[in-house]
Amino acid sequence: MNAKRFNLITLLIPGILLVITAAFMIIIDPYFHYHKPLLKLEYPMNNEYYMNAGIAKNFDYEIMIAGDSETQNIKASLVENLWGMKTVKLPNPGAPFLETDGVVRFGIRNNKKLKIVIRPLDDYLFTADPHMSRYAKEDMYLYDANPFNDVRYVFNKETVIDAVTVLTYTRAGKKTINFDEYSRTEDVEEYGDFDTLAHDLISQRSFRLAGDTETIYANTLENIKRNIVRTAEENPDIMFYYFILPYSACFWKEIGDNGLIPVAVNCERIALNEMLKYDNIKVFSFMDDYDITTDWRFYCDEIHFSGAVDDYMMEAMYKGEHLITKENVDEYLEGLESFYMTYDYNQMFTVFE
């Protein structure tokens with residue numbers, strides 16, 4: 001073999017391998033970046049942040065459920081049965097408002113059939129930095145329209161391994177889970193465990209309203225304008241169901257021990273008054289469902305509750321219950337502040353006696 005032919009072969013082999021790898025990745029597509037799941041393959045659904053991009057982009061749906069860990073136990077099938085529309089669930093545990101809004105906007109850009117967005121609102125995130133994200137810009141390549149940076153997907157060692165895993169998963173006879181089971185934590189958490197919950201109540205470990213009140217209120221307003229209502233304002237044909245979550249009374253004790261319950265309620269006031277300006281936003285709150293928030297048996301920590309509570313909230317929103325309006329918002333907020341300012345938090349543990 002002469003040197004010229006040897007050099008040609010040396011150049012061709014890597015090129016052929018790259019083409020084969022690219023074809024393999026595009027066909028198997030473990031994160032659904034290029035297409036929906038292939039009918040003869042079964043996919044392990046275990047990488048929410050990256051899979052959510054592909055689901056939002058390429059699946060068929062009319063309702064999107066999007067949010068942080070508080071969406072993990074929502075049953076998409078229940079939402080489908082209630083509203084009569086195809087539904088996907090896109091949980092992203094730990095996501096701040098900016099990231100969830102990014103997923104929603106990505107879905108809107110890629111799905112002209114989208115009619116409803118269902119999204120929880122975490123009270124403690126109202127006051128967070130409106131620009132906060134856990135991911136660097138280069139980690140968001142699956143969410144942009146640039147085909148050239150897809151090399152990070154096609155020629156990435158981890159995603160290639162995930163593509164191979166799809167084949168081994170299928171060969172093992174396993175099945176792709178549905179959107180009820182996708183990211184679900186219901187079966188691995190313990191609800192109403194006294195030792196864990198007592199520690200949470202005593203430790204005051206998690207939640208703080210950082211900064212002076214002026215900064216807290218400014219962050220809340222910018223968060224709502226930038227990461228909540230902007231998307232609704234730009235998409236008047238889509239209905240947005242936002243709901244404030246029923247955090248346990250432990251959350252309010254923690255806030256109250258720092259003398260900040262009125263500040264926290266005012267943050268809700270800022271958020272609610274802003275959302276109530278838009279006809280295509282329906283905002284609900286379950287923070288005043290005291291039968292839930294004062295009963296530890298529903299919780300695995302201060303803010304995370306069982307799937308039964310999710311079922312209840314979905315059905316209530318469909319019926320229009322717990323809807324906040326311009327007419328009842330002041331009454332709701334006054335009742336919230338009064339209850340959590342005067343509640344005897346020791347009562348929460350009577351269920352263990």
Side-chain angles (χ1 to χ4, degrees), residues 1-61 64 66 76 86 88-95 98-114 133-179 181-183:
M1 180 183 298
N2 59 40
K4 185 176 180 180
R5 179 174 295 181
F6 176 81
N7 290 336
L8 181 61
I9 293 173
T10 301
L11 291 173
L12 281 176
I13 289 176
I16 292 171
L17 290 176
L18 288 175
V19 170
I20 291 172
T21 300
F24 174 73
M25 287 297 297
I26 292 170
I27 293 171
I28 303 300
D29 197 13
Y31 298 169
F32 319 124
H33 183 54
Y34 296 105
H35 55 75
K36 292 183 291 187
L38 297 179
L39 292 177
K40 294 185 178 181
L41 292 179
E42 305 294 340
Y43 293 76
M45 304 273 285
N46 53 16
N47 194 329
E48 293 98 339
Y49 177 73
Y50 293 108
M51 284 190 165
N52 285 347
I55 294 167
K57 181 180 180 181
N58 290 312
F59 279 47
D60 296 322
Y61 59 94
M64 171 197 290
K86 186 69 174 174
V88 296
K89 181 176 73 177
L90 305 176
N92 186 10
L98 174 66
E99 286 179 15
T100 298
D101 186 56
V103 173
V104 172
R105 296 174 73 84
F106 186 72
I108 291 171
R109 288 200 306 271
N110 288 281
N111 182 2
K112 302 305 179 185
K113 297 179 181 179
L114 183 60
S133 175
R134 299 166 302 160
Y135 299 95
K137 187 175 181 180
E138 57 268 21
D139 293 325
M140 303 179 69
Y141 62 93
L142 294 178
Y143 289 86
D144 63 30
N146 181 2
F148 297 105
N149 62 20
D150 285 358
V151 295
R152 298 173 185 167
Y153 177 63
V154 174
F155 301 119
N156 183 300
K157 178 182 176 181
E158 291 183 4
T159 56
V160 171
I161 291 172
D162 287 340
V164 173
T165 301
V166 170
L167 299 180
T168 59
Y169 189 83
T170 303
R171 172 169 276 191
K174 298 179 181 180
K175 299 296 181 182
T176 305
I177 58 176
N178 59 33
F179 283 109
E181 298 301 320
Y182 178 41
S183 195

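When a residue number appears, it is its place in the shown sequence, counting from 1.
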Determine the minimum heavy-atom distance between N146 and F148, stating which atoms define it.
-> OD1-N, 3.0 Å

Please collect all salt bridge (charged side-chain N to carboxylate O under 4.0 Å, His left out) contacts where either partner lies in residues 156-166, sequence neighbours excluded, each pair once.
-> none

State, with a plain yes or no, whether a side-chain heavy atom of V166 is found less than 4.5 Å away from one of P44.
-> yes

After noting the C-alpha distance and the side-chain angles of I161 and V164, does the key distance pass the side-chain contact (heavy atoms from CB on, under 4.5 Å) rule?
-> CA-CA 5 Å; I161 291 172; V164 173; 5.7 Å; no

Distance from R105 atom CZ to Y143 atom OH, nearest 0.5 Å?
-> 14.5 Å

Applied to residues 16-25, the salt bridge (charged side-chain N to carboxylate O under 4.0 Å, His left out) test, sequence neighbours excluded, yields none

Going by atom types alone, do N92 and R134 pair a side-chain donor with an acceptor below 3.5 Å?
-> yes

Sequence-distant partners of Y135, ring-ring contact (aromatic ring centres under 6.0 Å, His included), two or more places apart = Y49

Of all pairs that satisfy salt bridge (charged side-chain N to carboxylate O under 4.0 Å, His left out), the ones with a partner from residues 16-35, not counting sequence neighbours | none

Does the gap between the ring centers of Y31 and Y153 come in under 6.0 Å?
-> yes

Does the side chain of D150 come within less than 4.5 Å of Y34's, by heavy atoms?
-> yes

Could you state the interatomic distance from CD1 (I177) to OH (Y43), rounded to the nearest 0.5 Å?
-> 14.5 Å

Any donor-acceptor N/O pair, N111 side chain to G107 backbone, under 3.5 Å = no

Distance col, row M51:CE vs H33:NE2, nearest 0.5 angstrom, shows 13.5 Å

Shortest non-hydrogen contact between L90 and V103, atoms and distance = CD1-CG1, 3.7 Å

Kindly state each residue pair satisfying salt bridge (charged side-chain N to carboxylate O under 4.0 Å, His left out) with at least one member in residues 36-45, sequence neighbours excluded.
-> K36-D60, E42-K175

Would you sort out whether K174 and T168 count as a side-chain contact (heavy atoms from CB on, under 4.5 Å), showing the intermediate values?
-> CA-CA 9 Å; K174 298 179 181 180; T168 59; over 6 Å; no

Pair N52, Y182: side-chain N/O donor-acceptor within cut-off below 3.5 Å | yes

Measuring from F24:CZ to T21:OG1, what's the distance to the nearest 0.5 Å?
-> 8.5 Å

Got a second to check how far F59's CZ is from K113's NZ, nearest 0.5 Å?
-> 14.0 Å

Answer whether the closest heavy-atom distance between the side chains of P93 and E48 falls below 4.5 Å.
-> yes

Got a second to check how far I108's CD1 is from L114's CG, nearest 0.5 Å?
-> 6.0 Å

Residue pair A22 / V154: nearest heavy atoms and the distance that separates them = CA-CG1, 3.3 Å

Which residues pass the side chain to side chain donor-acceptor pair (under 3.5 Å) test with R109, sequence neighbours left out?
-> none

What do the steps show when you test K57 against F106 for side-chain contact (heavy atoms from CB on, under 4.5 Å), and what is the final call?
-> CA-CA 7 Å; K57 181 180 180 181; F106 186 72; 3.7 Å; yes

Considering all heavy atoms of both residues, which atom of H35 and which atom of I27 are nearest to each other, and what is their separation?
-> NE2-O, 3.0 Å

Shortest non-hydrogen contact between A56 and M64, atoms and distance | CB-CE, 4.5 Å

For T100 and A95 the tightest heavy-atom approach is OG1-CB, 3.7 Å

